[in-house]
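Quick notes on the structure that follows.
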Amino acid sequence: MPRIIVGAAIISDGRVLACERALPPEMAGRWEFPGGKVDPGETEEQALVRECQEELGVEVEVGARVGDDITMLDGAAILKVYLARLVNGAMPVPLEHSDIRWLAGDELDSVPWLPADAPIVVALLPLLPSTP
Ligand SMILES: Nc1nc2c([nH]c(=O)n2[C@H]2C[C@H](O)[C@@H](COP(=O)(O)OP(=O)(O)OP(=O)(O)O)O2)c(=O)[nH]1
């Protein structure tokens, strides 16, 4: 069974939150959606809520899927990204990432995403306005 990895495309005020990985060294400096591995007994939505709390200190409400399943590591893992929104008014802080940025549609290409995220970034584009 492939390992399921979930990511949250948190959209707020027409921008999506991108997070710069600090670790491991070979992924440091690449950008991703907050998230991680789904633990045994956990739903994908529960995993996203947990990971956003751990990584960013925020509560999110998980919405629809964005993009298709992305097969990674020769089929050993599958990345699934969901839209999400912030609840309770708290703003994200990078507790585990080296930086975070809110990106408008025309800024999506301004950071080096992890390679697997490229199709998700394309799928997000129609959902985000460009900066005026
Ligand atoms: N969270 C996240 N991981 C991604 C994305 N794109 C991508 O290729 N990955 C890869 C990087 C990692 O190899 C893997 C996620 O593993 P992770 O180490 O972040 O998972 P985790 O937070 O559960 O970490 P751990 O408990 O194993 O320490 O998926 C993405 O957009 N978000």
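One-based numbering, in listed order, for ligands and for the atoms of each. Just so it is clear, the model here is predicted, and its values are computed rather than measured. Along the sequence shown, residues are numbered consecutively beginning with 1.
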Report task. Closest by any non-hydrogen atom to atom 13 (O) of ligand 1: pick that one out of Met27, Arg21, Arg3. Result -> Met27
Query raised in the report: So which bit of Leu79 gets within less than 4.0 Å of ligand 1, heavy atoms only: side chain, backbone, both or neither?
Result: side chain
Query raised in the report: Should the heavy atoms of other residues, nucleotides or ligands under 6.0 Å from CG of Asp109 be counted, would the total exceed 12?
Result: no
Query - Value rounded to 0.5 Å, distance of CZ in Phe33 from CG in Leu124 - result: 5.0 Å
Report summary line: All heavy atoms of Gly57 vs all of Leu95, minimum pair found to be N-CD1, 3.6 Å
Query - Distance from atom 9 (N) of ligand 1 to nearest protein heavy atom, with residue and atom - result: Leu114 CD1, 3.6 Å
Query raised in the report: About how many Å separate SG of Cys52 and CG of Leu86, when rounded to the nearest 0.5 Å?
Result: 8.5 Å
Report task. Heavy-atom contacts with Gly35 under 4.0 Å: which atoms of ligand 1 show up? List them by number with element. Result -> 1 (N), 22 (O)
Query raised in the report: Is there a donor-acceptor contact under 3.5 Å linking the side chains of Glu44 and Tyr82?
Result: yes
**Report entry** Closest protein heavy atom to atom 10 (C) of ligand 1, given as residue, atom name and distance to 0.1 Å
**Finding:** Met72 CE, 4.0 Å
Query - Which residue and heavy atom of the protein sit nearest atom 3 (N) of ligand 1, plus the separation - result: Glu32 OE1, 3.3 Å
Report summary line: Looking only at protein heavy atoms, what sits closest to atom 14 (C) of ligand 1 is Ile5 CD1, 3.5 Å
Requested in this report: Answer yes if a protein heavy atom lies under 4.0 Å from atom 28 (O) of ligand 1, otherwise answer no.
Outcome: no
Report task. For atom 6 (N) of ligand 1, grab the closest protein heavy atom and report residue, atom and distance to one decimal in Å. Result -> Asp117 OD1, 2.7 Å
Report summary line: In this structure, atom 32 (N) of ligand 1 is nearest to the protein heavy atom Phe33 O, 2.7 Å
**Report entry** Nearest-option assignment for atom 25 (P) of ligand 1, heavy atoms, candidates Lys37, Glu54, Lys80
**Finding:** Lys37
Requested in this report: State whether Arg30 and Glu20 are salt-bridged, where the test is any N-O pair (Lys NZ or Arg NE/NH1/NH2 against Asp/Glu carboxylate O) under 4.0 Å.
Outcome: no
**Report entry** Salt bridge present between Asp39 and Arg50 (N-O < 4.0 angstrom)
**Finding:** yes
Query raised in the report: Looking only at distance, does Ala116 have an N or O less than 3.5 Å from an N or O of ligand 1?
Result: no
**Report entry** Asp99 with Arg101: basic N within carboxylate O range, under 4.0 Å
**Finding:** yes
